[in-house]
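Quick notes on the structure that follows.
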Amino acid sequence: MTASICAASDTRKNAEHTVVVAITSHSVFESRDGDDVFGAGLAFPLLQALQRVNEQLLEGNPDESLLFDVVLVTTDRKQQQQRSLIMSSTTHHGLDVSRFCFSCEEDFVESLQTNAVDLFLSTDRKELLQASEQGVVSALLETHSASPPLEQLRILFCGDFLIQPDAGLKLAGAQSAKGFLSRLGEVRRRFSVQDSPLSITVLTSRGGRESCGSAICVLRSFGINADEAYCLAGAPRAPILNVLQPHFIFMSFDG
Amino acid sequence: MLVDIGQQLAFPAEITTTTLRPDLVLCISWIGNKIHTSYFLLLVFLLQPKPENAVTVAVSSRVLFRTDREQKVYEQKGIEEYLSYQIQHENKPFAPGPAFSFVKALEAVNGRLRALYPQSEELFDLVLVTYNHAHVGVRLINTINHHNLFIERFCMTGGSSPIGYLKAWHTNLYLSADADKVREALAEGIAAATMFMPEKLTEVSETQLRVAFDGDAVLFSDESERIFKTHGLDKFFEHEKENEDTLLDHGPLKGFLEALGKLQKKFYAKGQRLDCPIRTFLVTARSAASSGIRALKTLRAWGLEIDEALFLAGAPKGPMLEKIRPHIYFDDQMFHIEGAAQMGTIAAHVPYGIAQTHQNKQK
């Protein structure tokens, strides 16, 4: 078993205050036959949106330390063995990545934990379930390639992530979630209500208006004032998601 | 209804005052507020129709409720002040707005439909579609609770255009206070109208939904109105006589009248024609003996029954509408909207067709 190896790039940020976002390399890159670099994958628009938020944070305050810090993580052996290709593709596409974690299936969650990752993003629900069961806050990368990508970073919280029927509140590793959510709220507050480079949305699929109201209040208790709210009360989600176009979605991954 | 006699069940106010009749009540031996949360969720799950089967009516917060004071804060002090004002007053419900009685009447019709057809999804589906940020969400939910409205679906778009969501909800009618959004919706083929709060409100029925429509440029296209505006009344009469047997083209609200007709037929099928809780009216400046014939022929050809057709031959509409007391009256001309509002009728402007450019020229 190859132990995970982490490599730092030149764009390392001040570790204290950043929001560390780990994204799986299989969602960032697409292998192209015959090419000596990877092509842009489904998570590219997300990376660009994160970069834009950082740029605007620095515009507001050049000494800003509350920035998004992007880490690329491999979660299988195949990608783990393509580390140089991953690093060169990152440089080739001019991506703002501070660290690489070359893990495999068995130990990627451990490397997320040792690297103090605040948020883990992937298109693979099994990976997300694994990570969230071990206390790492995780969200599903959305990949609507139908419409042109939006400039604004759009984050979606589903009702079932915020409110669970049995214990009232159940979040993946409640402590880590609390910390992440309050820092996300801080980032959002750096910008005004209108023309913000990021937007936070709440969506409840089932349950009536009260459940959506509760979800809005739960987020508020963590320091996040949601920008948008949608209460579907059983109506189909897909048409609404197509208009919403979130980059990633917080939801319950079990079942 | 199965009830555990040993338990004192505490239902939220909405359930005791509703006319809904659920088929099944779960007997649950949990404690405290978990019972009515689960019961309420069950009710909602059973009774919310799929958008494509229902007649979806989307209303904005500014027409469902009165938000004049808040609007002033927004206009004078900007959005941040507006939002903190809303949050500070979160527990203070808004007063009813111009679309309020219309929404209540839709709910009354739903109650009657559910009693006759308990399994059917052919109902009115109400969605609150607002430009507001989710910051205002809690106050809106508290207000809906306060007024016992059965609105479970909403979209708070935080400033983005609501049009995409209107389409996703298969919206049959969109009511807003913002003429630009209404025009956008019309351009996308969604029936829409701008509503205004009249100075005084005449009382309307709580048991029968009454909807009145203008003819030209509302139910029908504006083709004849164009003739009238450009060539005058005589040419208009001539043209209508010559084309009596040619159907008029459809206007933006034709689809909504059609949807109302379909629901009416469900009452007729159960022998409730006389007691039907939906009544429709045509209030047109056309004359019964001449230009009105083409309108009636068109409606008949479309298979649309309208309950009462009033041909005013150019007389003012205000007094007639005051007698009809509709929950909503659709007209394309602001002149008629203002006249109706002066007499306490709730009128909605459909910014469609030649009358709009003509109105702009008058300014």
Between A:Phe253 and A:Phe161, is the gap from one ring center to the other below 6.0 Å?
no

Go through B:Gly158, B:Gly164, B:Cys155 and name the one with the most non-hydrogen pairs under 4.5 angstrom from chain A.
B:Cys155

Pick one of side chain, backbone, both or neither for A:Ser192, based on which atoms fall under 4.5 Å of a heavy atom in chain B.
both

Between B:Lys167, B:His133, B:Arg153, which shows the greatest number of heavy-atom pairs under 4.5 Å with chain A?
B:Arg153

Quick one: does any side-chain atom of B:Tyr131 pair with a main-chain N or O of B:Gly159 as donor and acceptor, under 3.5 Å?
yes

Please tell me whether A:Phe180 and A:Phe222 form a close aromatic pair, meaning their ring centres lie under 6.0 Å apart.
no

Is it true that a side-chain atom of A:Arg154 and a backbone atom of A:Phe248 form a donor plus acceptor pair closer than 3.5 Å?
no

Contact winner vs chain A - B:Asp125, B:Ile144, B:Val129, heavy-atom pairs under 4.5 Å
B:Ile144

Which atoms of B:Leu83 approach chain A - backbone, side chain, both or neither, heavy atom under 4.5 Å:
side chain

May I ask you to check whether B:Phe94 and B:His146 place their ring centers less than 6.0 Å from one another?
no

Taking the six-membered ring of B:Tyr117, is the NZ or CZ of B:Lys266 close enough (under 6.0 Å from the centre) and on axis enough (within 45°)?
yes

Can you say whether A:Leu232 sits under 4.5 Å from chain B via the side chain, the backbone, both, or neither, judging by heavy atoms?
both

Region of B:Thr130 in contact with chain A, defined by heavy-atom distances below 4.5 Å:
neither

Okay, A:Leu219 and chain B: the region with an atom under 4.5 Å from a heavy atom over there is neither

